[in-house]
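The structure appears below as structure tokens.
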Amino acid sequence: MSEPAPAISVADLHFSYDGTVALAGVSFAAGTGTVTALVGPNGAGKTTLMRCIAGLEPPERGALAVAGIDVVAEPRAARARTGFLQDFFGLYDRLSVRRCLDYAARARLVPEAERDLRVAEVASSLGLTELLERTPSALSRGQRQRVAIGTAIVHGPDVLILDEPAAGLDPEARAELASLIRALAAKGVTLLVSSHILAELEDYSTDVLMLEAGQVIGHGPVGRAERQIALTLAGGDPASLAARLSAEEGIGAVTTTGQELSFAFAGDEAAQAALLARLVREGVPVATFAERRSSMQELYLSRLREARGQGADQSADQGGAAA
Amino acid sequence: MNPELLRNIWLEITPQRLAAMPAVLFLLFGVVWLSEGVGELPDAAWWTGIAIGVVWGARQAAGAVMGEVAARTWDAQRASALGPAQMALGKLFGATAYAWYGVAPCIAVLLATGGAPADAATLALRTALSHGAALFASLVILGLGGRALVLTSLPHLLGMLAGAGIEYPLAAVSDATGWYGLALEGTAFGLLSGLLLWAWSVVGCTALIARELNVPRRAPAWPAFILFVAAYAAGFGSGDSEHGPLRAAFLALGLLTATTALVEPKSRVEIARLLAGRLGEIPPSIQALAATSVVAVLLGFGPVQAPSYGSDFTTLLPVAGVLFLARDIALIRLLSLRRGGLRGAIAAVVWFAVLYGMLPVLLASAGAEMLLVLFYPVPVEGADVATALALGAPAAQAAILWALLARAVRQGLAPAAPRPA
């Protein structure tokens with residue numbers, strides 16, 4: 001039996017605003033019910049990528065599909081399966097919250113028979129029931145954001161795209177947003193979320209997609225981030241131990257900070273225990289030995305440095321070739 | 001019900017406004033009746049209808065999309081599953097619903113107090129035309145990259161102009177020249193033409209919204225409009241001469257090509273696809289130019305040719321005209337690449353003022369009429385140096401500008417180098 005199509009599928013996506021390349025060959029796929037954190041510096045192409053997936057920007061070339069529907073060939077069908085919340089909320093300030101939700105449901109092809117029920121359900125799940133007859137202009141930023149999320153999910157989308165959803169929210173509203181994202185993912189909604197607050201993304205994301213200068217510099221599950229071992233010596237020479245460890249298979253580059261050594265370790269927990277036992281047996285004065293998973297932020301910064309290093313190398317090569 | 005129409009009605013027709021319009025109109029017509037007598041009511045109803053329907057209604061239509069852009073709700077609409085026709089009709093009749101709510105009693109009063117049915121029809125037509133033209137113009141400006149709310153003034157003005165009596169000149173031309181030799185009464189012809197223009201404005205709004213929504217264009221609306229313009233214009237040339245219909249069609253299509261080149265959205269990607277031989281989305285101006293070229297060839301080499309040398313309109317004049325149009329399209333696109341759509345169009349108008357106005361006047365006053373072939377399509381015929389110059393000059397200019405455009409497009413689409421550390 002063939003595997004189901006990914007909820008979001010992007011292949012070799014290119015896009016440029018006049019004179020500026022925003023996306024240069026972006027490819028990735030997101031499975032059903034995943035939460036993909038989209039990270040990258042300002043201008044990396046995050047918002048453009050989201051707008052392309054939402055069908056707001058036509059790509060120069062490349063393929064885009066949402067729930068198996070070609071976004072370019074069938075934009076209306078794809079939009080009916082997608083919810084998109086931009087960093088501004090785009091609400092009608094003169095309509096009541098009920099009418100905002102009702103209009104969003106109608107405009108996303110929710111059948112008439114289900115419409116009132118969907119509006120009531122969404123209002124209930126977002127704590128908007130008491131606010132239904134008020135206008136968005138009379139609500140706080142957090143409440144407006146909930147209304148905007150309501151308009152993006154009232155049609156029960158397969159894919160929800162959130163661009164900087166936590167911007168400007170207080171801590172309580174952020175915690176509520178995280179809970180909501182987890183709840184939607186648990187229901188099978190696939191989410192693509194961009195934010196500059198990586199610690200928060202790490203809290204609920206299953207995957208991370210890193211962009212830099214319109215290109216993917218990293219993509220994978222958050223839980224399988226590279227394992228790091230941190231080791232502290234009670235004495236002895238850290239530099240000689242670092243040299244010895246570097247030569248061993250499965251151990252990455254060792255960095256030394258005072259008496260502390262840290263390195264990427266590819267082995268499993270048994271291999272980790274064996275390494276510790278061997279070091280102790282060899283008389284290495286190990287004071288502490290602990291696994292430390294790279295945080296999304298560390299991984300992101302490391303990938304960013306690598307990408308920029310490669311970029312500088314490529315620029316130097318091109319400069320040399322030109323010369 | 002159309003969701004966009006319903007949303008607009010929610011916003012436009014509130015209970016207070018529902019009561020306010022009849023109350024104000026009742027007071028207004030009451031004052032006229034009491035002070036001027038019933039005989040003045042048709043005039044009062046007409047001008048009140050124009051004020052509400054054309055002056056105010058066109059503003060509502062012009063702001064139907066520009067207002068959404070300013071309120072940052074436009075992208076949320078574009079991300080919905082609404083279709084282009086739903087959105088065009090919803091905005092056209094929804095944003096202006098309150099204006100129609102005011103115009104309808106004016107038409108009723110006009111008819112009830114002895115006004116001519118033709119006047120009532122004209123009032124309704126002018127209202128509809130002004131709305132269609134204003135929404136269409138606002139979408140054109142949006143396509144050119146104009147997103148500021150202040151730009152609503154321009155489509156509002158154009159809408160009011162369209163509703164100011166566009167049927168009059170059409171009726172006058174029809175009266176003067178006839179239309180395919182048909183004996184049509186001028187006013188009826190003007191109203192019918194206005195109705196057709198309104199219908200095309202709705203089709204145009206739908207097509208431009210389809211573009212905004214990135215919905216693939218399936219119906220060949222633009223080629224159909226090109227054919228309509230050619231056929232409609234040809235009707236006015238029928239009483240002129242044997243080649244009159246083709247000549248009228250050529251002039252109308254040339255004007256359409258130039259106007260379209262100025263106001264069409266200009267995407268670098270679209271031109272890149274065209275230059276790469278992908279003909280799926282040929283820009284409207286190029287389609288219009290192709291139609292103009294066909295008519296030019298018919299005029300030059302078809303069974304009903306334009307007169308030969310010595311006339312103001314010779315066989316090869318249309319060919320030279322087409323070459324100048326090709327040059328102008330490339331120039332407009334080049335300027336737009338560098339300045340953006342709206343500023344590019346404005347810069348192009350300035351360039352054309354120089355190329356078609358100032359420089360030829362200077363050359364003519366300096367006695368260098370021979371050089372006018374560089375700037376104008378001039379009437380020539382026969383295999384001589386003058387003909388070679390008249391065709392060669394615009395052909396060379398067009399070739400150079402298209403080559404420059406191709407280079408600029410390719411440069412702009414080169415991938416960005418990775419950012420150094």
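Heavy-atom basis, side chains included; hydrogens, waters and symmetry copies ignored. Chain letters run A, B, ... following the sequence lines, proteins first and then strands; every chain starts at 1. Here the structure is a predicted model, which means the values were calculated and not measured.
For the pair A:V154 and A:A105, the tightest heavy-atom approach, listed with the atom from each and the gap, is CG1-N, 3.6 Å.
Ranked by non-hydrogen atom pairs under 4.5 Å with chain B, the options A:L109, A:L85, A:L95 are led by A:L95. For the set A:G214, A:G90, A:A148, the count of heavy-atom pairs under 4.5 angstrom toward chain B peaks at A:G90. Contact tally against chain B (heavy-atom pairs below 4.5 Å) for A:Q86, A:R108, A:R99: the top residue is A:R99. Ranked by heavy-atom pairs under 4.5 Å with chain A, the first of B:P3, B:A71, B:A76 is B:P3. Taking chain A as the reference chain and counting heavy-atom pairs below 4.5 Å, the highest number among B:N214, B:N2, B:L11 is found for B:N214. By number of non-hydrogen pairs under 4.5 angstrom with chain B, the leading residue of A:S96, A:A77, A:A107 is A:A107. For the options A:R106, A:E57, A:R76, heavy-atom pairs under 4.5 Å to chain B are most numerous at A:R76.
Residue A:E74: no heavy atom, backbone or side chain, is found under 4.5 Å from chain B. For A:R51, the part sitting under 4.5 Å from any heavy atom of chain B is the side chain, from C-beta outward, and nothing else. Interface residue B:L213: backbone and side-chain heavy atoms are both found under 4.5 Å from chain A. If you measure heavy-atom distances from A:A73 to chain B, the contacts under 4.5 Å come from the backbone alone. For chain B, the nearby part of A:V72 is the backbone; its heavy atoms alone come within less than 4.5 Å.
Of the N and O atoms on the side chains of A:D12 and A:S27, not one donor lies less than 3.5 Å from an acceptor on the other residue. Side-chain atoms of A:S16 and A:E60 form a donor-acceptor pair, as typed in the model, at a separation below 3.5 Å.
A salt bridge does not link B:K91 to B:E212: none of the charged side-chain nitrogens sits closer than 4.0 Å to a carboxylate oxygen. Comment: B:R333 engages B:E264 in a salt bridge, judged by a side-chain N to carboxylate O separation of less than 4.0 angstrom.
Side-chain contact check for A:C52 versus A:L13: some heavy-atom pair is nearer than 4.5 Å.
Relative to the ring axis of A:F89, A:R144 does not place its NZ or CZ within 45° and under 6.0 Å from the centre.
Within a 6.0 Å radius of CD in A:E112, no more than 12 heavy atoms belonging to other residues, nucleotides or ligands are found.
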